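So the structure is just underneath, and the comments pick up after that.
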There are 2 protein chains.
Amino acid sequence: MIVSQTAEYALRAMAWLATVPRGEPIRATDLSTSTGIPPHYLSKVLRRLVLADLLVSQKGQGGGFMLARPAAEIPFIEILSAVDAYPTEGRCAFGWGTCDDAHPCPLHGVWSRLNDHIHEWASSTNLQEIADGACADERFVAPVEHE
Amino acid sequence: MIVSQTAEYALRAMAWLATVPRGEPIRATDLSTSTGIPPHYLSKVLRRLVLADLLVSQKGQGGGFMLARPAAEIPFIEILSAVDAYPTEGRCAFGWGTCDDAHPCPLHGVWSRLNDHIHEWASSTNLQEIADGACADERFVAPVEHE
DNA sequence: GCATCAATCGACATCTAGATCCATTTATCC
DNA sequence: GGATAAATGGATCTAGATGTCGATTGATGC
């Protein structure tokens, strides 16, 4: 498993929201049925995304959630950070308390090489890419099933 | 968290074993104190590595564990596969039941790009690199602390 | 053969991410 | 202002990953 379930849900929800015209709020309930994410769990994830300034929420009648910024300005790394999922900094796979570039543990080199890859990917990928690749009407049709 | 705790332990144990001269078996107990991995848990991880033909074990007096092959012939991907940790194939981050290159979900493209990176890293990195970078006497000295 | 050493195995405890439920707050519409 | 819609927040439940324990099996040396 590359990322946690929560992180995956966050990406899914954001990806979906990126495909609807910006400015029209989507209700958590609708988002839940569309994406297959359990409703109560989704609302918690959404809340964290609001706190991270990636979404804005509107309570009451006609309310819902929408992107706080244009999709092109939301890189994946911000989404992952918003739901934790993106530490690995400072942690050492070898169990050393102190492990940095100055005093690297044996795994440090290869480990940070992987980290760089992931960081690069998460920084250079943004929601607009998803929105471009996916026509909301065609490809977002009901999931066949979700396990 | 990029990989599970178990996977991290597996890498640690293998990395350590790669730094001792091949042919001399290391006891699980010793490996446990050296790496800071809980002893009984470690032995479960080791067993899985044995089943995956990455380690050989020797019972009784003078027994222990050692690499089944030269370090250079053990890529990380085999270690990760041995302790699960390496599926992501077939799973779809979007919750679609069917998601392949022919019928990709909206996240499919960027997702598999990340997968490729990780796969490339895990395949091209082997234990020899670790052994080369780490002198067993100097850099493997007692972990300062482990959380 | 017997004692000892070390891996193996199964059962059990604990901890945490994931998921659910329900009461509360805030906004909108009439 | 009252009814309704929708997000918010806390408390709780559950399953799976993590970690522990004790007993067993197999190998070695004497």
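This structure is a prediction, so every number in the text was calculated from the model and none was measured. Order of the sequence lines fixes the chain letters, A, B, ..., with proteins taken first and strands second; residue numbering starts at 1 for each chain. The figures that follow rest on heavy atoms only: side chains count, while hydrogens, waters and symmetry mates do not.
- Rounded to whole Å, atom C1' of C:dA6 lies 14 Å from atom CG of B:Leu31.
- Taking atom CD1 of residue B:Ile26 and atom P of nucleotide C:dC5, one finds them 18 Å apart after rounding to whole Å.
- Side-chain contact check for A:Tyr9 and A:Thr35: no donor-acceptor pair (N or O, by modelled atom type) lies under 3.5 Å.
- Taking Ile, Leu, Val, Met, Phe, Trp and Tyr as hydrophobic and joining them when side-chain heavy atoms fall under 4.5 Å apart, one finds A:Val56 in a cluster with A:Met66.
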Discussion item. For a quick check, with a 4.0 angstrom heavy-atom cut-off, what is the B/S/- contact string for nucleotides 20-27 of chain D, read 5' to 3'?
Written reply: BBB--BBB
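- For the pair A:Gly62 and B:Gly63, both in contact range of DNA chain C, the more 5′-proximal nearest nucleotide belongs to B:Gly63.
- Between the CG atom of B:Leu46 and the C1' atom of C:dA6 there is a distance of 12 Å, rounded to whole Å.
- Among B:Ile26, B:Ile74, B:Leu67, the single residue meeting the side chain to side chain contact (heavy atoms under 4.5 Å, CB included) criterion with B:Leu55 is B:Leu67.
- Between B:Thr6 and D:dT18, a side-chain N or O to OP1/OP2 separation shorter than 4.0 Å is present.
- For B:Thr125, the side chain to side chain donor-acceptor pair (under 3.5 Å) partners two or more places apart in sequence, or in a different chain, are A:Arg113.
- At the phosphate of C:dA19, OP1 or OP2 sits under 4.0 Å from a side-chain N or O atom of A:Tyr9.
- Side-chain N/O atoms of A:Thr29 include none lying less than 4.0 angstrom from OP1 or OP2 on D:dA6.
- To the nearest angstrom, C1' of C:dT8 lies 15 Å from CG of B:Leu49.
- Between the CG atom of A:Asp30 and the C1' atom of D:dA6 there is a distance of 11 Å, given to the nearest Å.
- Here the P atom of nucleotide C:dT8 and the CG atom of B:Leu51 are 8 Å apart, to the nearest Å.
- C:dA17 atom C1' lies 14 Å from atom CD of A:Glu8, rounded to whole Å.
- Here A:Ser124 pairs with nothing under the side chain to side chain donor-acceptor pair (under 3.5 Å) rule; sequence neighbours left out.
- Distance, A:Gln5 CD to C:dT16 C1': 14 Å, rounded to whole Å.
- Remark: B:Ser32 pairs with no residue by the side chain to side chain donor-acceptor pair (under 3.5 Å) rule, at least two apart or across chains.
- The ring-ring contact (aromatic ring centres under 6.0 Å, His included) test applied to B:His117 returns A:His117, not counting sequence neighbours.
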